[in-house]
Amino acid sequence: MTHVAIADQEEETHHHPTSFVAKYVWSQDHKVIAVQYSIIAIFVGVVALILSGFMRLQLGFPDTFSCINPNTYLQFMTMHGMIMVIYLLTALLLGGFGNYLIPLMVGTRDMVFPYLNMLSVWFYFVSVLVLLASFFVSGGPTGAGWTLYPPQTILPGTPGNEWGIILMIASLAIFIVAFTMGGLNYVTTILQARTHGMTLMRMPLTLWGIFIASMMGLLAFPALLVSAIMMALDLLAGTSFFMPTLVSLGDSVDHEGGSPLLFQHLFWFFGHPEVYIVALPAFGMVSDVLATHARKNIFGYRMMVWALVIIGALSFAVWAHHMFVSGMNLIFGFFFATTTLIIAVPTAIKVYNWVLTLWQGNIKLTPPMLFAIGFVFTFTHGGLSGLFLGNVIVDVPLADTYFVVAHFHMVMGVSTVMVLFAAIYHWYPLVTGRMLHEGMARLHFWMTFLGAYAVFLPMHYLGFLGVPRRYFAMGDTAFMPESAHTLNASISIFALVLMLIQTVFIFNLIWSLKRGPKAGHNPWGATSLEWQTPQVPPGHGNWGDKLPVVHRWAYDFSVPNAKEDCIPQNVPKGADETHHDGSGEHSEGKTV
C-alpha cells in the first residue's frame, strides 16, 4: 500500500509568532513545547530525587534526623515513586523527546494538532502543580505508597488520607487528560504527516518506540483514570468499589462489599504496560544512538520493529505477575508466569541486536555512546533479576524485599535514565546549536554508572536476606546480620554522592547554552531527517520552503562504494550505490 503523505497535499500556512508570549508561553511550535515539557519534567524529577535522599538518610542512619518521622517517610516514598514513574519518565520521553523529534524525523512542519499540543503541556503543568500542592495542605501528601492500594489510601491511620489523596487523584486525572491529547497527536502525526518517501519501514526506531508507546498509553491510562475516579467516589461519596467491611482503629468503617483486589487488577493493567510505555521509546532512542556512534547500520531492523510491536502487545497480558502474593488461583499464576517469560524473548532479541550492532563497528566512545553502552549493561542485569520475580515460587519469598527495589530501579530507573542522558547528549546540539562540555560529560557518566551499581547491586543481597522494603526503620531484627545495617549505611552514602554528581550534568546543560562549542551541521554524522534541516537549530516550520523527500532507510552507514561513511535519508540513490532496506540484504526496499 502506497502512503500518500501530507507533503503531497496543499500546505497549510504556518504563521510565525509575533510576541514573546506567543513564541515561548502559549507556543504551538512542537520544539518549544518539547522544551517546556522537558523543563517541567526535570524540575519535578529533581524534587523526587531530593525526596529519595531524605529516605536514604533515614535508612542509612536511623533516628538521626528529627525532620524524618514514620509519616513523612511514607509520604516521601509515595511521592518519589509516583513522580519518577509518571511525571518524569513518561513526560520527558514522550512529551519532551516525542514532541521534538516526531515532526523532524517524519519530515513535517509540526504536529497535526498544534493547538491540542499546546494544551497538553499546560495540562501537564497544572497536574504537577496540583501534585506538589499536596505538600502544603493539612496532613500533607498521601503516604499510601506509589501504588495507592486501598484500603490504606482511605483509612485514618494513613498519612494524607484526606486532602493528600484527593490531590493525588485529581493530579493523575489531569495528567491523563494531558497524555491523551499528546498521545493522539503523536500517533496521528506519525501515521498521517510523514513526508513523501517516508514509509513505515524507513522510520528510525526512535519513532517506532514512541509510536507504539503512545498507542499503549492510550489503551492503558484509562484503566488508571477509572480506578482513580472509583477511589475518589469511595472516599467522598461513600461508595464501596474497593473498600471491604472492616474495623479501623476500633471503629467499623462506612463501607462494605468492596474488593481491594479489583483496584490491584485495574492499577497493574495500567502499571505494567506503563513500564514499557517508558521502555519502548528508550529502546528506540538507544538503537539510534548506538548505530550513529558505532558508524554501523542497526542489526536486524525489521526484527527490532517486530520485537517492539510484540513487546507492546504482550505487556497487556502480564500485569498480574505483580500480584502473585495476593492469593490468586494457581492456574492464573501459571498463565502470568508463562507470559512473563515469553515477553523476555523479544526483549532479549533487542539486546542481542544491540550487541551485534556494536560488533565490528567503528565505535566512537562519545558521551552519548558511553551512556548507551551503560544502558545495555544495566538493562541486561535488571532484566535477569526480573526472571527471578517472574517465577511464582521464587517471587513469593522475594516479594516486598529489597530485591524488588533493586530490580525495579535497575530496569525502570537506572536503565531508562541512562538512555535519557544518552539522548540528551546526542540531541542537545540539535536543540541548542552547541555541544556539551565533553570532560564534564565523561565525569558525569563514570560517576553515574559506577554509583548506580554501588547503590543497587548490594540491594539484591539485602533482598536475599529478607530485608523488607518500605520500612521506616529495621531495628534490631534477628534475621538481619550487622553487615546488613552497615551495607544500608554505605548504600545511603553512595546514593547521596550519586545525587550530587547530577549537579555536574545540570551545570553542563546551562553552561553550554552560551559557552559550549558551536555544533555546526550534523556533528555526529547521523542519517535521520532531524539532522538535515536547513538551519540548526531548526527554525519555525523546520524545513523552509520545501519539505524533504526520503529515498532510503535511516541507517545507511558504511555503505559499500559510497563516498562518505553515512548517507542521509534525503539523499537520492546513486547509480553506483546499493540500498539497504533493513532486512539483511541490499535491495530497493518496499513501500509501506
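Counting begins at 1 with the first residue of the sequence.
Counting heavy atoms of neighbouring residues, nucleotides and ligands inside a 6.0 Å radius, atom CH2 of W511 exceeds 12 of them. Atom CZ of F494 is surrounded by 12 or fewer heavy atoms from other residues, nucleotides or ligands within 6.0 Å. More than 12 heavy atoms of other residues, nucleotides or ligands lie within 6.0 Å of CZ in F135, so this atom counts as buried by the packing criterion. Summarising the local packing, CZ of F505 is surrounded by more than 12 heavy atoms from other residues, nucleotides or ligands at distances under 6.0 Å. Counting non-hydrogen atoms of neighbouring residues, nucleotides and ligands closer than 6.0 angstrom, the CE atom of M499 exceeds 12 such neighbours.
Partners of F371 according to the ring-ring contact (aromatic ring centres under 6.0 Å, His included) rule, which considers only residues two or more places apart in sequence or in another chain, are F421, Y425, H444, F445. In this structure Y428 satisfies the ring-ring contact (aromatic ring centres under 6.0 Å, His included) test with no other residue, sequence neighbours excluded. Residues passing the salt bridge (charged side-chain N to carboxylate O under 4.0 Å, His left out) test with E438 are R442, sequence neighbours excluded. Here H381 pairs with Y453 under the ring-ring contact (aromatic ring centres under 6.0 Å, His included) rule; sequence neighbours left out. In terms of the salt bridge (charged side-chain N to carboxylate O under 4.0 Å, His left out) criterion, residue partners of K31 (sequence neighbours excluded) are, by chain and number, D29. In terms of the ring-ring contact (aromatic ring centres under 6.0 Å, His included) criterion, residue partners of W354 (sequence neighbours excluded) are, by chain and number, F283, F375.
Separating the CE atom in M181 from the CE atom in M111 is a distance of 13.5 Å, to the nearest 0.5 Å.
Between the side chains of S38 and Y100, no donor-acceptor pair of N or O atoms lies under 3.5 Å.
The backbone N or O of G312 lies less than 3.5 Å from a partner atom in the side chain of S315, making a donor-acceptor pair. Judged by distance alone, with hydrogens and angles left aside, the side-chain atoms of R552 form no donor-acceptor pair with the main-chain N or O of R202 at under 3.5 Å. A donor-acceptor pair is defined here as one N or O able to donate and one able to accept, closer than 3.5 Å; such a pair exists between the side chain of R295 and the backbone of G525. Checked by atom type and distance alone, the side chain of S171 pairs as donor or acceptor with a backbone atom of S127 at under 3.5 Å.
Using cut-offs of 30° and 60° for the angle between ring planes, the H426 and H293 rings count as perpendicular. Aromatic ring pairs are classed by plane angle as parallel below 30°, tilted from 30° to 60° and perpendicular above 60°; the pair F179 and F221 is tilted.
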| Residue pair V497, I501: steps toward the side-chain contact (heavy atoms from CB on, under 4.5 Å) verdict | CA-CA 6 Å; V497 172; I501 199 62; 5.6 Å; no
| Between L104 and L529, does a side-chain contact (heavy atoms from CB on, under 4.5 Å) hold up when you go through it step by step? | CA-CA 6 Å; L104 290 168; L529 281 185; over 6 Å; no
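Side-chain rings of W553 and Y301 approach one another, their centers coming within less than 6.0 Å.
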